[in-house]
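Here the structure comes first, spelled out in structure tokens, and everything after it is commentary.
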Amino acid sequence: VTSRDVAWIAIGDELVDGVVVDRNGDWLAERMADRGWKIAWRIAVRDDPEAIRAALATSLERWGAAVLSGGLGPTPDDRTREALSRFLDAPLVEDAAQRRRLAEWAEERGVRWHEGLERQCSRPASAEAVDNPAGSAPALRSAGEQGRWLALPGVPHEFRACWTFAGDGWWPTGAPSRRQSIYRFSGIGESSVADALADRFRREGWEVTVLSSPGEIALHLGGSAFDDIARHEVERTLRLLPDDAWFGTGEDTLEGAVARRFDSSRRTLALAESCTGGGVGSRLTNVPGASKWFLGGQLVYADVLKVRLSGVSPETLSSEGAVSEATASALARGVRQRCGADEGFSVTGVAGPGGGSPTKPVGTVWFGWSGPEGERTWLRRFPGDRRAVRVAAIAFALDRLRRTPADAGPVSSELGGDSGDRLH
Ligand code: ATP
Ligand code: MG
């Protein structure tokens with residue numbers, strides 16, 4: 001079964017300049033996949049009638065179908081209507097139904113009639129205008145010899161409402177596309193493990209994609225032969241991976257996996273963060289209802305607060321340094337006690353660019369954990385710049401926190417290598 005192709009054209013200077021990311025295209029791609037269509041070409045175009053016309057002409061010539069968004073609004077920089085008229089070689093004519101709707105729309109809101117509303121009453125003679133249930137600019141569409149296209153307003157919530165109203169029932173439904181499955185992993189080092197995994201699933205009729213982001217790897221599996229039996233087999237294989245590497249599917253997140261553990265164990269957690277500056281806590285609070293198990297913590301960036309808030313002894317700091325196993329331990333223990341949590345977790349490291357030394361180069365990060373089972377620490381050396389080190393440290397902390405303390409490591413990692421894993 002092959003899916004049908006459609007081009008996606010996002011219109012607006014801000015999208016080309018990279019000031020705004022094209023969210024409509026992502027949203028549409030999913031809707032289209034559900035109905036057996038694939039985005040074959042995706043392009044961002046300036047608010048320039050000639051560029052818009054050319055993009056549409058190319059799209060329809062090559063793929064026969066296109067969806068456009070943006071530039072239908074009331075302001076003079078909205079030029080899509082004009083571009084469509086050029087493409088169709090049809091003049092802009094007044095649409096009586098839109099004039100009535102816009103007049104009502106304006107009256108209900110106490111908006112005085114203006115030039116912009118006037119413009120929105122017009123459509124290319126050979127196109128159809130469809131009411132916008134969420135705003136003023138109507139959608140425009142046409143299915144003729146030149147191909148099928150649908151132009152929707154750019155404001156994301158209007159885009160969605162108009163798709164439901166003007167697209168959903170009108171756009172043909174192709175062969176129902178087989179669903180992709182996404183499997184998510186953490187704590188399995190980087191590419192080598194993921195590639196080995198991907199190789200195992202390279203079969204006739206299966207499509208395999210590996211996407212890695214810091215501390216997390218996603219395996220996308222799909223294809224014509226990827227059915228429920230295949231899914232079953234994959235899950236059996238993944239459950240056998242060492243170190244509980246597989247933590248979720250679909251839209252699951254690492255922080256969600258942490259939440260699952262704390263919810264089910266009915267334990268509470270407190271954090272002491274130094275080089276991550278609250279980044280771990282920020283991720284944990286992405287999860288709704290996190291206050292049931294995440295108490296909060298301490299942002300102890302300078303030594304003075306490591307002492308005052310977390311109770312690290314000044315002697316430890318002066319003899320071992322802030323980035324050390326002893327400090328990581330003391331932080332985890334201190335925050336656990338002072339916050340009255342079941343578990344305490346700490347992060348302290350050298351994010352760079354300054355502050356490194358031969359024994360503690362930039363990227364050196366110590367993690368500490370303290371709980372009813374005892375204490376443990378981990379040492380990692382993360383590559384990259386300040387941002388990369390911080391992001392990797394946050395992901396590593398979440399990966400440790402999602403595991404039950406009894407099986408919280410050791411873990412192979414070409415990043416860290418010299419792991420300081422131990423149970424005291
Ligand atoms: P309006 O009636 O608001 O003028 P419009 O159809 O003319 O609607 P635009 O002017 O292109 O839409 O964009 C309106 C707003 O929506 C802008 O803030 C723009 O940045 C945003 N927007 C447009 N296209 C997209 C997109 N593809 N993804 C995310 N935001 C978008
Ligand atoms: Mg606009």
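Atoms within a ligand are numbered from 1 in the order they appear, just like the ligands themselves. Computation of the quantities below employed the complete heavy-atom set of this structure, encompassing side-chain atoms and omitting hydrogens, waters and symmetry-equivalent molecules.
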Legend entry - Candidates Trp171, Trp63, Trp8 - the one meeting ring-ring contact (aromatic ring centres under 6.0 Å, His included) with Trp37: Trp171
Legend entry - Geometric N/O contact Ala137 with ligand 1, under 3.5 angstrom: no
Inset, instruction - Examine the proximity of ligand 1 to Ser69 and report which part, side chain or backbone, both or neither, has a heavy atom under 4.0 Å away. - result: side chain
Inset, instruction - Find all atoms of ligand 1 within a distance of less than 4.0 Å from any non-hydrogen atom belonging to Gly70, and give their numbers and elements. - result: 6 (O), 11 (O), 12 (O)
Inset, instruction - May I ask you to check whether Ser136 has an N/O atom sitting below 3.5 Å from an N/O atom of ligand 1? - result: no
Legend entry - Location of contacts on Asp77 toward ligand 1, heavy atoms closer than 4.0 Å: neither
Inset, instruction - Kindly confirm or rule out an N or O of Asn24 lying under 3.5 angstrom from an N or O of ligand 1. - result: yes
Inset, instruction - Number the atoms of ligand 1 from 1 as they appear, then name those within less than 4.0 Å of a heavy atom of Gly154, with their elements. - result: 5 (P), 6 (O), 12 (O), 16 (O), 22 (N), 23 (C), 24 (N), 25 (C), 31 (C)
Inset, instruction - Check whether any heavy atom of Gly25 sits under 4.0 Å from an atom of ligand 1. - result: no
Inset, instruction - Using a 4.0 Å heavy-atom cut-off, say whether Val20 meets ligand 1 through its side chain, its backbone, both or neither. - result: side chain
Legend entry - Heavy-atom donor-acceptor pair, Arg402 side chain to Leu254 backbone, under 3.5 Å: no
Legend entry - Any donor-acceptor pair under 3.5 Å from Arg46 side chain to Val16 backbone: no
Legend entry - ligand 1 to Arg23 polar contact by distance, N or O atoms, under 3.5 Å: yes
Legend entry - For Asp22, atoms of ligand 1 separated by under 4.0 Å from a heavy atom: 26 (C), 27 (N), 28 (N)
Inset, instruction - Would you tell me which option among Gly71, Ala44, Gly12, Cys162 has the nearest heavy-atom contact to atom 9 (P) of ligand 1? - result: Gly71
Inset, instruction - Assess whether atom CZ of Arg112 is packed by more than 12 heavy atoms of other residues, nucleotides or ligands within 6.0 Å. - result: no
Legend entry - Pairing of Glu118 and Arg99 as salt bridge, 4.0 angstrom limit: yes
Inset, instruction - Step through the shown structure and confirm whether more than 12 heavy atoms of other residues, nucleotides or ligands are within 6.0 Å of CZ on Arg203. - result: yes
Legend entry - Interfacing atoms of ligand 1 (cut-off 4.0 Å, heavy-atom, Val21): 28 (N), 29 (C)
Legend entry - ligand 1-proximal atoms of Asp78, by part, heavy-atom distance under 4.0 Å: side chain
Legend entry - Where ligand 1 meets Pro153 - atom numbers and elements under 4.0 angstrom, heavy-atom basis: 6 (O)
Legend entry - Glu235 and Arg231 ion-paired at < 4.0 Å: no
Inset, instruction - For the residue pair Lys306 and Thr327, confirm or rule out a side-chain donor-acceptor distance under 3.5 Å. - result: no
Inset, instruction - Please report the closest heavy-atom contact between Leu295 and Gly340, naming both atoms and the distance. - result: CD1-O, 4.0 Å
Legend entry - Flag if over 12 foreign heavy atoms under 6.0 Å of CZ, Arg23: no
